[in-house]
Amino acid sequence: MIYITRKEHFSSSHKLENKGLSQEKNEEIFGKCNNFHGHNYYIEVTLAGTPDSQSNYVMDLKLLKKIIGEEILDKVDHKFLNETDMFKGIIPTTENMAVIFWNVLADKVKRENVKLYSIKLYETEKNYVEYRGEI
Ligand code: NI
């Protein structure tokens, strides 16, 4: 198996809030993140597969770039995540974002020789989450 990765960047704002809880409880759980603020996110999309017999690529990374751009970046870059269709009713923690991005991309990147392997999402230089499709 060969693993290929495309890294992309986007900037989004969000507010972490559980609408089922009181303002006090939200402040206790989320602290500063209960306020409107932004992040410079980095996403790494890794596919696992075998080289195609004609191209000898697992997947042309230009194609993976295009898919990530259309399915993710166009919908979240410079947006307030809480008000996007993608995160309607979902608290946009890095964990939830990685799962949603997996769900959006899994079918789009799947070919006979390749499938989605992991989504890594960096919220800061020091904090990132990784999701591999099982919960
Ligand atoms: Ni945040």
Side-chain angles (χ1 to χ4, degrees):
M1 199 67 81
I2 299 177
Y3 300 87
I4 64 167
T5 301
R6 174 73 192 181
K7 183 174 183 176
E8 294 288 349
H9 169 259
F10 61 94
S11 299
S12 308
S13 58
H14 70 176
K15 175 182 177 176
L16 299 184
E17 176 182 40
N18 184 330
K19 290 191 170 158
L21 300 173
S22 68
Q23 184 54 37
E24 252 184 3
K25 192 72 186 165
N26 270 293
E27 280 168 22
E28 182 191 321
I29 294 174
F30 298 115
K32 283 196 299 186
C33 295
N34 188 226
N35 298 311
F36 179 89
H37 64 281
H39 294 281
N40 286 309
Y41 290 97
Y42 285 88
I43 181 174
E44 290 179 13
V45 178
T46 300
L47 310 184
T50 52
D52 172 79
S53 61
Q54 290 188 323
S55 70
N56 288 232
Y57 289 143
V58 172
M59 176 183 279
D60 188 336
L61 284 166
K62 288 193 296 293
L63 174 60
L64 181 55
K65 175 189 173 173
K66 182 169 181 280
I67 294 170
I68 299 167
E70 290 173 357
E71 302 298 329
I72 307 282
L73 305 185
D74 287 355
K75 295 173 183 172
V76 298
D77 191 30
H78 288 73
K79 299 279 168 62
F80 177 42
L81 295 174
N82 302 59
E83 289 182 355
T84 59
D85 289 341
M86 205 182 266
F87 292 100
K88 196 161 272 176
I90 296 166
I91 302 171
T93 57
T94 320
E95 288 85 340
N96 282 345
M97 291 172 70
V99 172
I100 295 279
F101 292 162
W102 173 283
N103 292 340
V104 166
L105 289 176
D107 285 349
K108 302 286 179 185
V109 300
K110 195 168 168 47
R111 304 286 186 273
E112 224 170 85
N113 65 314
V114 60
K115 63 181 173 43
L116 186 55
Y117 175 73
S118 84
I119 301 283
K120 269 192 195 172
L121 186 64
Y122 289 77
E123 192 175 66
T124 69
E125 267 182 49
K126 293 177 180 173
N127 296 340
Y128 73 92
V129 307
E130 180 171 13
Y131 181 57
R132 291 187 182 166
E134 68 283 304
I135 247 180

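Note that ligands are numbered from 1 as they come in the structure, with each ligand's atoms numbered from 1 the same way.
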Name of the His14 atom (N/O/S only) found closest to the Ni ion (ligand 1): NE2
Angle in degrees, rounded to 10°, that NE2 of His37 and NE2 of His39 form at the Ni ion (ligand 1): 100°
Glu125 atom CD, neighbour heavy-atom count above 12 within 6.0 Å: no
Qualifying residue for side-chain hydrogen bond (donor to acceptor under 3.5 Å, both in side chains) with Asn34, from Glu17, Glu28, Gln23: Gln23
Note, Ile29 side chain near Asn18 side chain (heavy atom, < 4.5 Å): no
Cys33 N/O/S atom closer than 2.8 Å to the Ni ion (ligand 1): no
Phe36 and Phe80 aromatic centres sub-6.0 Å: yes
